[in-house]
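Structure, as structure tokens:
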Amino acid sequence: MALKVWLNDKLVDKDQAKISVFDHGLLYGDGIFEGIRVYNSKIFEFDAHIKRLYQSAKAIRLVIPMDADTLKDAVNQTVVANNIENGYIRLIITRGIGDLGLDPLICKDAGVVVIADHIQLYPEEFYEEGLTVISGTTIRNHPMSLPPQIKSLNYLNNILAKIEAIDAGAAEVIMYNHEGYVAEASGDNVFIVRDSIIYTPPVEAGSLEGITRDVVIRLATKENITVIEKNLTRCDLYVADEFFLTGTAAEVIGIVKIDGRIIGDGKPGATTQLLREKFDEYTRA
Ligand code: PXG
């Protein structure tokens, strides 16, 4: 059975799911998206993702051409049509069709795309053994330039950093902000553990308000672990007892090496493992 894709107002076959070359999503990266997981046929943190999407839209003066309930219904229909019990949803709102000029207001109708598919995950041994990362030289977009809370279709900043990781043979890249503090990884939020306290950069440091980040902070708090939002330096990462990333695709994954420095004893630490277990339980619940 061919994959069905939601396009604007209906489901179409994958090979009919096409958008115009004049869509400003393509011409300028003008649009927004969400990446959402489906666990046991349930859409994970659905309301939080929808809320973030509408906030991203508002920030860029993009009118999503339907209300939240109608959009959620489209997402649900796409998940059901493709029999996705465990998988991944990509929800995209493009600025829509315009002409060869920046003016977004000439694009009358935003485009709506929902893809629901299976997900490519890191192999299990990556979770058991932990990842190696590097510090990128590409700094995160300045928050006064492109606020990182806007999950925009323009990911070149992160892609340039990701290329550095690929060239170095590392799994991920840590991005720093214009002041030199840790912002986030190219597609994940950053956490460290030091003396049994969890630290994560505040979103003002230039990170997305990650939904997995929020869930993990809640789960840690429930385990009576203190979580502090604080600017982190490169050195803070080097000397951390534990280091992990959170994100929709990776969930909770330990980092065991950065820029040649071994973190802790070179294995994902106890807090990382505990939070990964709690996260697993939470997604299964
Ligand atoms: N920072 C950035 C820059 C991201 O893109 C996160 C943090 C984590 O946020 P969530 O809300 O997912 O916990 C992201 C998320 C992909 C992919 O296909 C990327 C993300 C999510 C899902 C899939 O590369 N980025």
Side-chain angles (χ1 to χ4, degrees), residues 1-27 29-98 104 107-121 149-155 187 208-215 247-251 279-280 282-285:
M1 194 188 72
L3 196 76
K4 299 269 190 204
V5 174
W6 187 276
L7 184 61
N8 297 323
D9 54 1
K10 59 179 180 299
L11 285 164
V12 299
D13 283 338
K14 181 184 179 178
D15 57 359
Q16 300 300 313
K18 293 175 180 160
I19 62 165
S20 166
V21 295
F22 292 97
D23 192 306
H24 280 205
L26 175 70
L27 289 175
D30 186 355
I32 53 174
F33 76 101
E34 284 293 319
I36 313 172
R37 287 289 280 274
V38 183
Y39 294 104
N40 301 326
S41 304
K42 193 163 180 292
I43 299 174
F44 186 65
E45 297 292 308
F46 200 8
D47 287 334
H49 280 286
I50 293 291
K51 185 174 175 197
R52 188 170 68 183
L53 184 79
Y54 277 86
Q55 285 184 346
S56 289
K58 187 174 185 185
I60 69 165
R61 284 189 65 185
L62 173 62
V63 179
I64 298 177
M66 55 184 83
D67 64 24
D69 285 338
T70 311
L71 183 59
K72 282 175 77 176
D73 188 53
V75 174
N76 275 317
Q77 283 189 48
T78 311
V79 169
V80 169
N82 293 290
N83 290 313
I84 302 296
E85 280 173 25
N86 288 287
Y88 178 69
I89 300 162
R90 173 64 57 98
L91 174 50
I92 305 155
I93 314 290
T94 72
R95 182 71 71 176
I97 297 169
C107 307
K108 292 298 172 220
D109 300 301
V112 178
V113 176
V114 186
I115 304 167
D117 206 349
H118 298 286
I119 183 168
Q120 204 61 45
L121 299 172
Q149 295 102 304
I150 299 171
K151 202 162 164 59
S152 91
L153 289 183
N154 200 314
Y155 255 53
L208 183 72
E209 290 177 306
I211 285 165
T212 320
R213 174 184 184 275
D214 267 3
V215 169
T248 291
E251 301 177 330
F279 189 82
D280 259 7
Y282 184 72
T283 58
R284 272 187 265 115

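Each residue takes its place number in the sequence, starting with 1.
In this structure, CH2 in Trp6 is found 12.0 Å from CG in Asn82, a value given to the nearest 0.5 Å. In this structure, CD1 on Ile64 lies 7.5 Å from CD1 on Ile50, to the nearest 0.5 angstrom. One finds the CG atom of Leu26 at 11.5 Å from the CD1 atom of Ile97 (value rounded to the nearest 0.5 Å). Summarising the geometry, atom CG belonging to Leu3 is positioned 8.0 Å from atom CD1 belonging to Ile115; distances are rounded to the nearest 0.5 Å.
At a threshold of 4.5 Å between non-hydrogen side-chain atoms, the residues Thr78 and Ile89 do not count as touching. The side-chain heavy atoms of Tyr88 and Asp117, taken from C-beta on, include no pair separated by under 4.5 Å. For the pair Met66 and Val112, the minimum side-chain heavy-atom distance is below 4.5 Å.
Surrounding CG of Asp109 are at most 12 heavy atoms belonging to other residues, nucleotides or ligands under 6.0 Å away.
Residue pairs meeting the side-chain hydrogen bond (donor to acceptor under 3.5 Å, both in side chains) criterion with at least one partner in residues 55-69, sequence neighbours excluded, are Asp67-Thr70. For residues 76-89, the set of pairs meeting the salt bridge (Lys or Arg N to Asp or Glu O under 4.0 Å) definition, not counting sequence neighbours, is empty.
Among residues two or more places apart in sequence or in another chain, the side-chain hydrogen bond (donor to acceptor under 3.5 Å, both in side chains) test is passed with Asp30 by Arg95. In this view, Ala110 and Leu62, Pro65, Ile93 satisfy the side-chain contact (heavy atoms from CB on, under 4.5 Å) rule, not counting sequence neighbours. In this view, Glu34 and Ile36, His49, Arg52, Leu53, Leu91, Lys151, Ile211 satisfy the side-chain contact (heavy atoms from CB on, under 4.5 Å) rule, not counting sequence neighbours. Residues satisfying the side-chain hydrogen bond (donor to acceptor under 3.5 Å, both in side chains) criterion with Asn154, sequence neighbours excluded, are absent altogether. Listed by chain and residue number, Ile19, Thr94 satisfy the side-chain contact (heavy atoms from CB on, under 4.5 Å) test with Asp23 (two or more places apart in sequence, or in another chain). Every side-chain contact (heavy atoms from CB on, under 4.5 Å) that Asp13 has, sequence neighbours left out, goes to Ala2, Lys4, Asp15, Gln16.
The minimum heavy-atom distance linking Leu11 with Ala81 is given by the pair CD1-CB, 3.7 Å.
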In a table with atom names and distances, give each donor-acceptor pair under 3.5 Å that connects a side chain of residues 38-48 to protein atoms at least two apart or in another chain.
| from | atom 1 | to | atom 2 | distance (Å) |
| --- | --- | --- | --- | --- |
| Tyr39 | OH | Glu251 | OE2 | 2.5 |
| Glu45 | OE2 | Tyr282 | OH | 2.8 |
| Asp47 | OD1 | Lys72 | NZ | 2.4 |

